[in-house]
Amino acid sequence: MMSVTEQLRVIEEHVVDLLPHDELKKKLERSVATNTPLRVKLGLDPSRPDIHIGHAVVLNKLRQFQDLGHTVVLIIGDFTAMIGDPTGKSKTRPALTLEETRENGRTYVDQAAKILDMTRTEVVHNSKWLDAMSFKDVIALSAKYTVAQLLERDDFTKRYRGGEPISVHEFLYPLSQAYDSVAIRSDIELGGTDQKFNLLVGREIMRSFGMEPQCILTMPILEGTDGVEKMSKSLGNYIGLTDSPRDMFGKSMSIPDTLMPRYFQYACSVSAEEVRAFQEGLVAGTIHPRNAKVDIAKRIVARYHGQQAADDAFAEFERVFVKKDIPDEMPTYTAATAHEPLVDLLVQQQLAKSKTEARTLIKQGSVQLDGTKVVDLDHVVDCSQERVLRVGKLRFLRILPA
RNA sequence: GGGCAGAUACUCAAGUGGCCAACGAGGGCAGACUGUAAAUCUGCUGGCAUCGCCUUCAGAGGUUCGAAUCCUCUUCUGCCCA
């Protein structure tokens with residue numbers, strides 16, 4: 001096992017908050033002295049099963065803990081997901097059944113396994129202890145915290161001031177998450193910076209249960225490919241861990257230039273020195289912005305699909321977007337008849353949502369057949385031979401004769 | 001329990017009897033340009049259809065030649081008083 005000083009150096013890299021620092025040091029010292037790994041907690045929300053490179057920022061940090069010999073405890077929030085939404089952002093997130101949350105939890109863990117060492121990972125469901133609590137237990141738990149303390153949370157404050165509704169059960173989420181820490185005897189809990197409040201509640205609750213409080217560690221919330229909102233599936237600005245190499249590469253290339261340092265630092269598994277060199281190169285102009293972005297895109301693809309896939313994705317990108325050629329692979333459609341009206345074809349193959357949209361696309365000159373723009377709204381496609389239909393920059397369809 | 005205010009398209013937000021498929025902003029999509037699916041500029045953004053028609057402004061009724069706009073009830077939300 002590494003020395004405490006060395007461990008701290010690794011742990012601190014790229015983090016936003018690490019509180020309280022000296023408590024963690026003590027825990028590490030004890031861990032080394034007694035040869036006992038720390039229990040490192042991460043809670044997962046299984047209401048959305050797909051994880052993206054934003055989640056990966058925290059998962060990478062967990063992996064570092066594992067490489068230092070510590071134990072990761074993944075808590076699948078199946079109980080909390082059954083009840084509904086904690087953030088209040090989406091007002092009517094549907095409550096899931098226990099089975100759905102279990103299923104989502106499984107796929108989540110499968111994806112997390114791309115990053116974590118599963119031999120050093122415990123996976124638990126919080127329904128195990130939360131479902132077992134009686135109403136009396138819940139009241140006893142909620143007596144340990146005050147409304148004023150809960151209202152300190154940023155989004156509660158904002159909503160309260162803004163006259164937006166806050167349901168009582170939303171107050172219970174931080175408490176239930178805190179209780180998770182009690183249940184698994186957490187030494188340190190990780191999360192995004194948006195979780196800071198919830199993580200700190202965990203400390204208070206653990207203390208009131210007579211336990212040594214956990215330390216907390218937060219990682220930055222990675223912005224999505226739009227460069228503004230945080231990365232999330234529902235906003236459609238995410239790069240999924242299971243995205244194809246082509247999509248991963250293309251999405252990476254679509255980030256704003258200003259975001260490149262962030263992505264380089266948090267999505268590319270690089271050292272602090274590399275980050276510094278990268279930023280200096282950009283500022284000094286010795287690194288061309290486009291090459292910098294290609295570098296980032298390649299690293300991200302290589303991280304999840306391997307170097308070969310990264311090189312292929314780059315070559316494909318060059319061909320399709322720089323040379324305006326057509327991609328290697330695209331969806332195919334076998335024509336039902338020899339002649340099909342273009343508008344119907346677009347809708348039927350989901351290249352347009354409605355006929356009106358299909359007509360708009362044609363009018364705007366976005367539709368190409370074998371590289372030639374089609375502007376006739378009533379165009380009938382001759383499907384007696386193989387054709388390539390293109391809509392916009394991204395959507396392709398190979399049409400095969402009947 | 002009482003009083004007041006509000007509910008508009010993906011989001012925010014105008015619109016208070018006809019000129020409203022509904023201003024504007026964001027988002028999304030597309031075009032031009034480019035170093036890129038970046039930035040910038042421009043267009044489109046309910047559906048069907050080559051005039052035009054159909055379905056929308058929380059829900060259900062009603063008034064009217066005509067309503068997102070007026071009335072009644074219902075549902076939901078916020079604020080104040082208790």
Side-chain angles (χ1 to χ4, degrees), chain A residues 87-93 156-168 170 223-240 243-264 281-282 285-301 310 313-327 330 341-344 346-348 350-368 372-380 389-396:
Chain A
T87 64
K89 187 149 195 183
S90 51
K91 291 161 198 154
T92 54
R93 180 179 286 184
F156 284 151
T157 309
K158 277 188 193 138
R159 285 202 280 155
Y160 191 64
R161 290 213 186 115
E164 286 170 58
I166 301 172
S167 302
V168 172
E170 295 185 65
E223 293 82 356
T225 52
D226 58 8
V228 182
E229 299 290 338
K230 74 172 185 178
M231 184 175 288
S232 86
K233 194 190 180 192
S234 51
L235 293 172
N237 61 359
Y238 72 104
I239 300 175
D243 279 353
S244 68
R246 180 188 152 183
D247 276 350
M248 252 188 199
F249 195 94
K251 285 179 181 179
S252 301
M253 289 302 284
S254 80
I255 65 170
D257 285 4
T258 52
L259 212 55
M260 291 196 293
R262 299 267 300 167
Y263 270 54
F264 187 76
L282 275 182
T286 52
I287 302 178
H288 190 286
R290 181 181 174 276
N291 294 338
K293 207 179 277 183
V294 167
D295 184 29
I296 290 170
K298 274 187 175 178
R299 282 171 187 269
I300 291 174
V301 177
F314 173 57
E316 174 97 343
F317 187 84
E318 286 287 301
R319 181 163 66 240
V320 176
F321 297 108
V322 181
K323 295 178 187 151
K324 315 270 186 203
D325 212 339
I326 59 169
M330 65 182 90
L342 179 57
V343 169
D344 294 336
L346 289 169
V347 175
Q348 194 190 315
Q350 299 179 333
L351 294 168
K353 284 195 202 77
S354 65
K355 289 190 177 185
T356 304
E357 186 180 304
R359 289 197 184 87
T360 306
L361 288 167
I362 295 171
K363 265 188 249 170
Q364 290 180 150
S366 322
V367 179
Q368 294 183 8
T372 310
K373 275 184 193 174
V374 179
V375 288
D376 177 14
L377 291 179
D378 298 317
H379 185 84
V380 176
L389 182 63
R390 175 176 199 168
V391 178
K393 287 175 183 147
L394 303 170
R395 286 167 284 174
F396 293 88

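Computed from heavy atoms alone, side chains included, the values below leave out hydrogens, waters and symmetry copies. Treat the numbers as computed from the prediction; the structure is a model and nothing was measured. Letters A, B, ... mirror the listed sequences (proteins, then strands); counts begin at 1.
In this structure, the separation between CZ on A:F314 and CE on A:M253 is 8.0 Å, given to the nearest 0.5 Å. Expressed to the nearest 0.5 Å, how far CG of A:N237 lies from CD of A:E229 amounts to 7.5 Å.
As judged by a 4.0 angstrom heavy-atom cut-off over every strand, A:P289 is placed among the base-contacting residues. If you check every strand for non-hydrogen atoms under 4.0 Å, A:L377 touches nothing. When heavy atoms are screened at a 4.0 angstrom cut-off, A:G392 is found touching the sugar-phosphate backbone but no base atom.
Ranked by how close their nearest RNA chain B nucleotide is to the 5' end, A:R246 and A:Y160 are led by A:R246. Nearer to the 5' terminus of RNA chain B, by closest-nucleotide assignment, is the contact made by A:V367 (compared with the other of A:V367 and A:H288).
In this entry the distance linking CD of A:Q368 with C1' of B:rA30 reads 12 Å, nearest Å. Rounding to whole angstrom units, CZ of residue A:R390 and P of B:rA30 are separated by 11 Å. Look at CG on A:L351: it is 14 Å from C1' on B:rA30, rounded to the nearest Å. The interatomic distance linking A:L361 (CG) with B:rG43 (P) rounds to 17 Å, in whole Å. In this structure, A:F249 atom CZ and B:rA38 atom C1' are separated by 14 Å, rounded to whole Å. Rounded to an integer number of Å, the gap from CD1 of A:I287 to P of B:rA38 is 22 Å. The CG-P distance, from A:L282 to B:rA38, rounds to 18 Å in whole Å. A:D226 places its CG atom 11 Å from the P atom of B:rC29, with the value rounded to the nearest Å.
B:rU72: Watson-Crick or G-U partner is B:rA60, with both key distances under 3.5 Å. Across all strands shown, B:rC19 has no partner, as no Watson-Crick or G-U wobble contact with both distances under 3.5 Å is found. A 3.5 Å limit on both hydrogen-bonding distances identifies no Watson-Crick or G-U partner for B:rG66. When both distances must be under 3.5 Å, the Watson-Crick or G-U wobble mate of B:rC12 is B:rG24. Nucleotide B:rA5 forms a Watson-Crick or G-U wobble pair with B:rU77, both donor-acceptor distances falling under 3.5 Å.
No hydrogens or angles were tested; on distance alone, a donor-acceptor pair under 3.5 Å links the side chain of A:D257 to the base of B:rG35.
Considering only heavy atoms from C-beta on, A:D295 stays 4.5 Å or farther from A:N291 through its side chain. At a threshold of 4.5 Å between non-hydrogen side-chain atoms, the residues A:L389 and A:V374 do not count as touching.
The C1' atoms of B:rA58 and B:rA68 are separated by 12 Å, rounded to the nearest whole Å. Using P as the reference atom, B:rG59 and B:rU75 are 15 Å apart when rounded to the nearest Å. For the C1' atom pair drawn from B:rU45 and B:rA22, the interatomic distance equals 14 Å after rounding to whole Å. If you take atom C1' in B:rC20 and the same atom in B:rG15, they sit 9 Å apart, rounded to whole Å. Using P as the reference atom, B:rG18 and B:rU77 are 33 Å apart when rounded to the nearest Å. Spacing of C1' atoms, B:rC76 relative to B:rU36, comes out at 47 Å, to the nearest Å. Straight-line distance between the P atoms of B:rC80 and B:rU74: roughly 24 Å, to the nearest whole Å. If you take atom P in B:rU42 and the same atom in B:rG26, they sit 11 Å apart, rounded to whole Å.
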Indicate for each nucleotide in nucleotides 44-55 of chain B, in 5' to 3' sequence, whether protein heavy atoms under 4.0 Å reach the base (B), only the sugar-phosphate (S), or nothing (-). S--SBB------

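Residue A:R395 places at least one side-chain N or O under 4.0 Å from the OP1 or OP2 atom of B:rA30.
Distance from the side chain of A:K373 is smallest to B:rA32 among B:rA30, B:rA32, B:rU36. Of the candidates B:rU36, B:rG31, B:rA38, B:rA38 carries the atom nearest the A:P256 side chain, counting heavy atoms from C-beta on.
Side-chain atoms of A:R290 do not come within 3.5 Å of backbone N or O of A:K293 as any donor-acceptor pair. Between the side chain of A:R395 and the backbone N or O of A:L351 there is at least one donor-acceptor pair closer than 3.5 Å. In this structure, A:Y263 contributes its side chain and A:E223 its backbone to a donor-acceptor pair below 3.5 Å. A distance-only check finds no donor-acceptor pair linking the side chain of A:R319 to the backbone of A:F321 [under 3.5 Å].
Residue pairs satisfying the side-chain hydrogen bond (donor to acceptor under 3.5 Å, both in side chains) criterion with at least one member in residues 245-256 of chain A, sequence neighbours excluded, are listed as follows: A:D243-A:K251.
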